[in-house]
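First the proteins, then the strands, lettered A, B, ... as listed; each starts at 1.
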Amino acid sequence: MKKLINNPKDFAKETIEGIIAAHPESLKLVNGSWHCVIRSDAGTKPGKVAIATGGGSGHLPVFLGYVGQGLADGVSVGNVFASPSAEAMHEVDKAINNGAGVLHLYGRYGGDIMNFGMASDLDEIENIKVTEVLVSDDVASAQKGNENKRRGVAGMLFAYKAAGAAAEKMLPLEEVTRIAQKTVDNTRTMGVALTSCTVPEVGTPTFAIADDEMEIGMGIHGEPGITRTKLQPIDKIVEKLTDKILTDLPFASDDTVAVIVNGLGATPKEELYIAYRKLKQILSSKNIKIHRKYIGEYATSLEMAGMSISILKLDEELLPLIDAKCYSPFFEQSR
Amino acid sequence: MKKLINNPKDFAKETIEGIIAAHPESLKLVNGSWHCVIRSDAGTKPGKVAIATGGGSGHLPVFLGYVGQGLADGVSVGNVFASPSAEAMHEVDKAINNGAGVLHLYGRYGGDIMNFGMASDLDEIENIKVTEVLVSDDVASAQKGNENKRRGVAGMLFAYKAAGAAAEKMLPLEEVTRIAQKTVDNTRTMGVALTSCTVPEVGTPTFAIADDEMEIGMGIHGEPGITRTKLQPIDKIVEKLTDKILTDLPFASDDTVAVIVNGLGATPKEELYIAYRKLKQILSSKNIKIHRKYIGEYATSLEMAGMSISILKLDEELLPLIDAKCYSPFFEQSR
Amino acid sequence: METINKNTLKKIFESILSSMSDAKEELIALDGSMGDGDLGLTMCNGFKAICDEFDNITDDDLGKLLMKLGMKMNSTVPSTMGTLISTCILKAGSKAKGKTSLDLDDLSDMAQAAVDGVMQRGNSKVGDKTMLDALYPAANALKNAAVKNKDMFSAQQDAYKATCLGAENTKNLKSVHGRAAYYSEKSIGRRDPGAVAVMYIFRGIAAVFNK
Amino acid sequence: METINKNTLKKIFESILSSMSDAKEELIALDGSMGDGDLGLTMCNGFKAICDEFDNITDDDLGKLLMKLGMKMNSTVPSTMGTLISTCILKAGSKAKGKTSLDLDDLSDMAQAAVDGVMQRGNSKVGDKTMLDALYPAANALKNAAVKNKDMFSAQQDAYKATCLGAENTKNLKSVHGRAAYYSEKSIGRRDPGAVAVMYIFRGIAAVFNK
Ligand SMILES: Nc1ncnc2c1ncn2[C@@H]1O[C@H](COP(=O)(O)OP(=O)(O)O)[C@@H](O)[C@H]1O
Ligand SMILES: Nc1ncnc2c1ncn2[C@@H]1O[C@H](COP(=O)(O)OP(=O)(O)O)[C@@H](O)[C@H]1O
Ligand SMILES: [Mg+2]
Ligand SMILES: [Mg+2]
Ligand SMILES: [Mg+2]
Ligand SMILES: [Mg+2]
């Protein structure tokens, strides 16, 4: 294992310590616990719906990087690829609640679902109104018709963006929740992995993959994908991914979309742009208009090599929410 | 070689095609050549000094990512780790010149120096005033006293930032040049590499390094560093790098600085924050104040794993220039 | 010993911890083959945290005590099984509220509440190849024992045997939850790690009681 | 053939290309051991581009012709040697401006201009273990031949032999420029790849002329 770390056990904790040391004007801890990170101005905007997210470490900028203005208000942080506790989630909820209720917005993963469920129970005891939306954009993780079994991956960015902008507009909890759910319903993602990542405490790669192989649809913790084949030219890969995405929703001619070309960790930005080049050609040929694009690392798996493509179908309601300005130390949109 | 690419020969060209497809509102080509990329509004601000940069591909966001408002005006783009031609540089200079002259601001590398030299000759024939500043922040690349033999690495960001802001303030060429040089003189960088990158056209790793080794001071093209040792905990590595940097300038108590913790490509952001955590502890203990920090990928070597630390000593002149807003599709500073 | 007081409860958790420690490597291997291999660690760490915390809790109300221990376990090991076992402890605790000693009827109610809690929290049912397939038979065994007025020793032996059978039977089932679900068909023929962990929990409980 | 016209110039570049193609693997290996191994490719691609471009250029002025060919080479292979060789061609071209035929005196002037151009562009001097250590002796040989009124064939033989000796002598020198400089002391004992490339250029030139 070749990593720039100290004791593997301290990986997640020291990451948060570094982040808080770097961005004290934007982020702070609840009760000094590294498991609970909130906006430095959280809980100070009466009437604004608060958005809580959370999940395992190792995916930066997911999840913590989407805590900021026009985004989420707080995050509970687990160890690498492991859910944070219900208690941490509950502490975050208490700290960010502005009296208008809390939306739990997170990716569909077993452990997270259970803990957010327990946290909701704890919230209710203290009369905090809670709703939840599970991001589930990964087309590869369940067949069409089983959308509600799909995992959440890079498309999370869209959900944070739209829900965060809606909350900033002072919409009520039901509306923010509806918009988050609608954004999730309109988002599809497909990815490809070239190499495994290594969980620091484990010390060995999560899975084995040959030097000339790739796996389409692999999950961001190394969950098995759809097919493992010989590595192909990126144009061919983008064709495959895009085809799956477009037929699943389905997207149609004259649609306006936002796209993410997301690097999983080790893939150079150059390659992401080569992928975008092809994606744009395909969408243009189908008369689908790219209104906004995000090309970079938006949801990672430590040092995994690979990438994913996400497409969000926009309408008059979602478009201005995606366009809205936002700021976090990890994700800034000023135009 | 595991890369998301098409024909390795087309790597640099297709990268640029993707970038231009993605960001037509910010960037455009000169005469349709992928070797020449300029701000879409280049050459339209009479009296503003134009800043030209350039170099080999494979380092995004260096160099192209620093073309934008408050940054550089144009870039000549070579193949992977290879200089662009003097002709490309000259075409860029012609296109971005606002009549106030052009500053060639680039990293100290043999091929680039010769080509920018030839480009200056060509510029002179057409009466374009040219100055040049060579970024040379890499402490590892030459002993103290030989600062003018050092290579340019991540510290480039500071030079673009300060010179770009100075040009935006409509300072004359001599002043912009002086500020760029002063910024370079006040910047020091040290890096560590854990793995090699692979040049697409070559297809095999540039250098070999054992699974438990690291190399301190390795260059961003795989140039030999200072020492190769067993991999150490990141806190120890940061101590070593910071020590070299601080004694070289030297930095002193009460200094105010800006820092970059830069990932070379494959290193996760989590690790960069663990490094920042230690860097902050060290600087605090020496009473050096971090005024601004950049933590992420600012100068890469394809998929190399590793990182570098850069420190810039600020004064009343440089501080507001580093703080100035800027925008490129790759580098946005709105606060 | 036909009732359980605070002192017995402490012995029970210590006995579970020791049972789990013995099974650690087996659980790691089981979970490793279809999941992420953390199960042996999370179970040991979770019950260790409970044992360490036990004496810090001054409540004599066993319900409150269990609630606090459940929360402790969850914040220590918020993995799937960690969360489900802490759910079991919390739900069991809610049935024990106000009591300072527990008899077999109480235990039967508490086990049933744990089963319901897991089904709700995990959105799962018996036959899904999960820890429920060991927990549900154990709750049933306790209920039957209570109805038949069996003594505590026999009741706990019945419960443990039920988990053994239940865990063994998961071999024939197909995983539909958690990481193992990604292997679906391939999971047939192997025991579910969570069910095996439940078996070792009941082995630990049973060991506290003698004839 | 005591003067060189446009037609001869074309033959010269074609002959250099063929000489370079024969040496390709040797140059790749030489540059690979202390540099990035691109030298064989860049030299072949560069001279290939010149040969391909040659007929597209209508100028009869050999100076203008050489300037255009030099630019072509630079934009095709802007590597260190590509840029230095194109600098040589550009500088040589500046001395040939206005001429449609070149005699030995012209060639001597042009070679000297090329040497000066490389020293300025590369900020280097004879003895630095670079291509200059082959180019400079060649320029000298041409000057001596011109002074002694030698014929073109002998002059080019002298120049080629001078590059052979010069390239061989680089073995004793220590690299201070380019990638090889990172190996400094270790570079002693090996020939400089750029100097060897210059030798093959002059081998190509010499092959065009016969007694
Ligand atoms: N939805 C569920 N309902 C009940 N039990 C479940 C559920 N999902 C998983 N499990 C149980 O959890 C066990 C795995 O636990 P654990 O290793 O902690 O999971 P993970 O490491 O994926 O968080 C499985 O063997 C199964 O018994
Ligand atoms: N500053 C310099 N002046 C003269 N010649 C140089 C200089 N630097 C390098 N060279 C020559 O260039 C040769 C290497 O050329 P090349 O392989 O094109 O370099 P690179 O691949 O590093 O761009 C060296 O063998 C040397 O002869
Ligand atoms: Mg990365
Ligand atoms: Mg990267
Ligand atoms: Mg597990
Ligand atoms: Mg070379």
Side-chain angles (χ1 to χ4, degrees), chain B residues 9 12 31 33 35-36 54-57 76-91 108-122 125 134 138 140-143 146 148-149 151 197 199 201-204 206-207 215 217-219 221-226, chain D residues 28 31-42 45-46 49 53 67-91 93-94 117-124 128 130-132 175-187 194:
Chain B
K9 270 175 45 185
N31 301 329
S33 162
H35 293 288
C36 307
S57 289
S76 46
V77 180
N79 259 308
V80 176
F81 296 178
S83 175
S85 72
E87 192 183 27
M89 294 167 177
H90 175 57
E91 290 302 322
R108 186 188 304 280
Y109 291 97
D112 299 312
I113 296 173
M114 292 179 193
N115 280 291
F116 270 111
M118 275 178 75
S120 301
D121 290 354
L122 297 170
I125 296 171
L134 277 69
D138 187 0
S141 54
Q143 298 282 330
N146 282 327
N148 64 354
K149 290 212 171 138
R151 302 179 293 243
C197 55
V199 176
E201 280 197 78
V202 177
T204 50
T206 304
F207 58 89
E215 184 153 329
M218 170 161 289
H221 309 94
E223 298 93 337
I226 296 179
Chain D
I28 290 177
D31 188 36
S33 71
M34 294 271 147
D36 57 358
D38 62 345
L39 192 60
L41 298 167
T42 51
N45 294 345
E53 182 76 358
M67 302 279 266
K68 287 185 181 167
L69 294 175
M71 284 308 294
K72 182 72 199 173
M73 179 158 198
N74 170 252
S75 61
T76 309
V77 285
S79 64
T80 305
M81 269 296 279
T83 304
L84 288 172
I85 298 297
S86 61
T87 298
C88 290
I89 299 172
L90 286 168
K91 295 294 175 179
S94 70
V118 168
M119 291 174 74
Q120 184 220 333
R121 186 62 67 226
N123 193 22
S124 50
D128 284 353
T130 69
M131 53 93 87
L132 257 186
S175 295
V176 294
H177 295 287
R179 298 182 208 262
Y182 303 129
Y183 301 89
S184 187
E185 297 294 335
K186 276 196 247 171
S187 68

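- Interface remark: Asp121(B) contributes side-chain atoms only to the contact with chain D (heavy atom separation under 4.5 Å).
- Heavy atoms closer than 4.5 Å to chain D are found in the side chain of Leu122(B), but not in its backbone.
- Atom NE2 of His177(D) and atom CE of Met114(B) lie 8.0 Å apart (nearest 0.5 Å).
- Applying the side-chain contact (heavy atoms from CB on, under 4.5 Å) test between Ser85(B) and each of Ser86(D), Ser79(D), Ser75(D) identifies Ser75(D) as the sole match.
- Ala86(B) touches chain D through backbone and side chain together, each having a heavy atom under 4.5 Å away.
- The CD atom of Glu201(B) sits 8.5 Å away from the CG atom of Leu41(D) when rounded to the nearest 0.5 Å.
- Here CE of Met73(D) is found 14.0 Å from CD of Glu87(B). Values are rounded to the nearest 0.5 Å.
- Highest contact tally toward chain D, considering only Ser83(B), Gly56(B), Gly111(B), is held by Ser83(B) [criterion: heavy-atom pairs under 4.5 Å].
- Judged purely by atom type and a 3.5 angstrom limit, Asn115(B) uses its side chain to pair as donor or acceptor with the backbone of Pro78(D).
- Rounded to the nearest 0.5 angstrom, Leu90(D) CG and Met118(B) CE are separated by 4.5 Å.
- Heavy atoms of Phe81(B) lying under 4.5 Å from chain D belong exclusively to its backbone.
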